[in-house]
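Down below is the structure, laid out as structure tokens.
Chain naming here is simple, since letters A, B, ... match the order of the sequence lines and numbering starts at 1 in each. This is a predicted model, so every value here is computed, not measured.
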Protein chains: 2
Amino acid sequence: MPAVRRPRPTLLDVAAAAGVSKSLVSLALRGDPGVSERTRERILAVADQVGYRPSLSARTLKQGRSMLVGVVISSLANPYHTEIVASVEDAAEAQGLSVVLAHGSRERHRLADRVQQLGDLGVDGLVVVSSWVPAEVLTTAARRAPVVMVGRTAEPVPGIDSVNNDDEHGAALVVRHLAAQGHERIAHVNGSRRPAGTARRRGYEDAMAAVGLESHVRTVEPDGVAELLAGPGRPTAVFARNDVEACDVLDHALDAGLAVPADLAVVGYDDTMLARRARPRLTTVQQQREVMGTRAVELLTGRLGGRADDVHEVLEPRLVVRASG
Amino acid sequence: MPAVRRPRPTLLDVAAAAGVSKSLVSLALRGDPGVSERTRERILAVADQVGYRPSLSARTLKQGRSMLVGVVISSLANPYHTEIVASVEDAAEAQGLSVVLAHGSRERHRLADRVQQLGDLGVDGLVVVSSWVPAEVLTTAARRAPVVMVGRTAEPVPGIDSVNNDDEHGAALVVRHLAAQGHERIAHVNGSRRPAGTARRRGYEDAMAAVGLESHVRTVEPDGVAELLAGPGRPTAVFARNDVEACDVLDHALDAGLAVPADLAVVGYDDTMLARRARPRLTTVQQQREVMGTRAVELLTGRLGGRADDVHEVLEPRLVVRASG
DNA sequence: CTGAAAGCGCTTACAG
DNA sequence: CTGAAAGCGCTTACAG
């Protein structure tokens with residue numbers, strides 16, 4: 001039985017089958033109060049029976065609205081990003097909006113293409129969960145539809161709302177936690193120059209100074225961690241900029257024969273699935289992911305409702321203490 | 001500087017700015033040979049300058065084609081699925097098609113919604129990377145646009161093409177590998193009733209019989225693995241139905257004080273990022289992910305080109321031996 | 001409650 | 001090479 005693809009039925013087909021005008025079908029389908037209950041039910045039944053489905057392109061073209069929210073992420077491989085997407089999706093759905101997702105690796109031009117594609121598709125708003133999208137791409141996109149950035153940009157982009165967590169504070173929570181346990185040689189693994197990485201590094205350094213300790217910042221690549229863990233002067237605790245790199249540190253600790261947390265405490269950031277899977281379970285910093293998704297969608301609808309001033313929302317993270325430190 | 005959202009420029013605006021008719025702009029934009037080089041360049045420059053972007057809904061409505069491929073996955077959290085998506089995307093892009101992604105957890109109705117949504121959007125084809133989409137939903141979707149299933153369905157769905165790996169063979173590769181190392185008590189952890197799970201279990205059982213060994217199948221939940229690893233009669237090797245569950249087994253082995261692979265060999269399936277991250281690095285079965293994406297898109301374009309008979313492509317997996325067994 | 005009509009932004013013959 | 005016109009499938013006043 002080969003799939004026979006016939007032209008999909010239109011409003012006109014439904015109208016013909018129901019013996020009414022096509023306007024009436026349209027009205028009935030969207031529950032217009034001017035259509036009697038009996039008529040509406042009859043029309044719905046006919047529509048269902050002929051397999052009618054509205055054409056979103058026709059509707060979007062006519063309405064100028066698509067009820068679509070575009071979400072752009074750099075990478076499907078990063079659990080922090082995909083977990084954010086899920087929360088945006090839940091929030092959008094609650095508002096009657098559908099989400100279309102696009103991802104584009106860390107190549108700026110590919111991400112820019114994706115942003116433009118979603119714009120061409122006619123999304124009513126755009127949520128960007130990637131700090132790799134250039135500011136001018138965001139600005140251009142915002143001329144067509146509101147854009148909200150989940151996460152940090154290097155500096156605020158005029159016209160773009162944002163929601164992110166307070167990375168400095170998150171880093172400080174980690175430092176205080178480790179210092180309170182008596183650690184004095186607390187290293188920070190962070191080679192990132194992205195805004196969040198920079199903020200966490202700054203938070204670490206400030207907090208270390210505040211508790212009277214000396215900062216030690218290292219990068220993962222190429223042998224940063226191995227060198228860090230070698231020799232007698234090694235740290236007793238490592239704070240990594242995110243869970244992925246914390247797992248790398250755990251890996252190196254294992255190689256070096258160090259017990260975690262006895263010989264070395266390890267703390268991550270983001271509280272992703274990796275933290276919950278790691279051995280030992282990773283102490284980490286949790287962002288308010290659910291709230292971030294909800295707020296992102298609220299910021300979008302706020303703009304659609306006419307708000308003109310930029311909003312930058314900063315949420316407080318919290319420390320999740322598990323077995324690793 | 002609040003983002004001023006003015007109505008986006010249309011073909012008509014470009015035409016006015018360039019002092020030509022709107023048909024000519026349309027022709028020029030799509031590189032019609034009937035437009036002189038000079039005129040084309042001038043029009044492109046004007047379009048660019050006024051910030052013109054074509055409306056995909058208008059184009060789709062007119063053309064009946066969107067140049068969009070929809071991809072549906074159950075979960076963004078499963079690396080096997082997201083890695084497949086990346087390969088589909090690369091293949092689609094090479095054909096000038098764009099990918100829009102939708103995900104919907106394992107709830108059948110939510111997945112069905114997503115499939116319908118993508119259909120409403122007007123995608124030219126659908127790639128389904130989830131065995132949780134009911135057959136009737138696939139069939140309905142296929143009336144609008146070709147559908148290809150990446151992975152297995154319980155039985156072939158008429159009208160739907162598919163590409164998947166030979167799970168029975170993959171399982172047999174694992175059994176033979178372990179048996180060749182002298183293992184005699186090789187257990188299989190697999191509580192899945194999904195098509196792939198069932199096939200891997202069957203492959204395991206058949207291969208065990210072929211090498212003259214007795215099968216031991218256990219489920220992960222709730223304490224299956226812990227019980228399996230306890231006591232003197234425990235297996236010396238465990239083959240898990242996928243990398244995720246193999247990591248669970250590694251976890252339990254650690255709890256039970258077993259050294260891997262000395263006390264217990266562990267093998268997974270899928271060769272995801274989890275396998276490459278696990279300690280010790282996981283021996284696993286690799287599907288031809290790149291080829292799967294490419295073939296999926298080829299099957300789609302084949303249908304669009306008019307092919308009417310169903311194609312079911314089965315690819316050979318291969319064993320990737322790492323440190324765990 | 002119902003139907004004829006206009007128009008969203010495009011593409012595509014068709015006539016010059 | 002150029003322009004007027006029709007039509008994709010919808011929604012939305014508007015007149016009955």
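Among the heavy atoms of the strands, none lies under 4.0 Å from A/S57. Note on B/L12: nothing from the nucleic acid sits closer than 4.0 angstrom, heavy atoms only. At a threshold of 4.0 angstrom between heavy atoms, the contacts of A/R65 with the nucleic acid are absent. Counting non-hydrogen atoms under 4.0 angstrom, A/R40 reaches nothing in the nucleic acid. Among the atoms of the strands shown, none is found under 4.0 Å from any heavy atom of A/T60.
Spacing between atom CG of A/L11 and atom P of C/dG3 amounts to 14 Å, rounded to whole angstrom units. Distance, A/D120 CG to C/dC10 C1': 13 Å, rounded to whole Å. Between A/L61 atom CG and D/dT11 atom P the separation is 11 Å, expressed in whole Å. Protein atom CG of B/D32 is 15 Å distant from nucleotide atom P of D/dG3, rounded to whole Å. One can place NZ of A/K62 at 10 Å from P of C/dG9, the figure rounded to the nearest angstrom. Going from atom CG of A/L29 over to atom P of D/dT11 covers 8 Å, rounded to whole Å. Atom CG of B/L27 and atom C1' of D/dT2 are 10 Å apart (whole Å). Rounded to a whole Å, the NZ atom of A/K22 is 12 Å from the P atom of C/dA6.
Comparing atom distances between the A/A58 side chain and each of D/dG9, D/dT11, C/dG9 picks out D/dG9 as nearest. Here the nucleotide nearest the side chain of B/S21, chosen from D/dT12, D/dG3, C/dC10, is D/dG3. For B/T39, the side-chain atoms get nearest to D/dT2 when compared with the rest of D/dT11, C/dC10, D/dT2. Which of D/dC1, D/dG9, D/dG3 sits closest to the side chain of B/V20 comes down to D/dG3.
When every heavy atom of B/L11 is checked against every heavy atom of B/S26, the shortest pair comes out as CD1-CB, 3.9 Å.
Under 4.0 angstrom from either OP1 or OP2 of C/dT11 there lies at least one side-chain N or O belonging to B/R30. The shortest distance between the side-chain N/O atoms of B/S36 and the OP1/OP2 oxygens of D/dC1 is below 4.0 Å. Between B/R53 and C/dG9 there is no side-chain N or O to OP1 or OP2 distance below 4.0 Å. OP1 or OP2 of C/dT11 has at least one side-chain nitrogen or oxygen of B/S26 nearer than 4.0 Å.
Between B/R303 and B/D310 there is a salt bridge, since at least one side-chain N of the basic residue sits less than 4.0 Å from a carboxylate O of the acidic one.
Comparing B/V35 and B/Q63 along DNA chain D, the residue whose closest nucleotide (by nearest heavy atom) sits nearer the 5' end is B/V35. Each of A/L24 and B/S23 has a nearest nucleotide on DNA chain C; the 5'-most of these lies closest to A/L24.
The side-chain tip of B/R108 does not point at the ring of B/W132 from less than 6.0 angstrom away and within 45° of straight on.
As the counterpart of D/dC14, C/dG3 is assigned, both hydrogen-bonding distances of the Watson-Crick or G-U wobble pattern falling under 3.5 Å.
In the model, B/S36 has a side-chain atom that pairs as donor or acceptor with a side-chain atom of B/T39 under 3.5 Å. A donor-acceptor pair shorter than 3.5 Å can be found between the side chains of A/R194 and A/S131.
Residue B/E155 qualifies as open at atom CD: its count of foreign heavy atoms under 6.0 Å is 12 or below.
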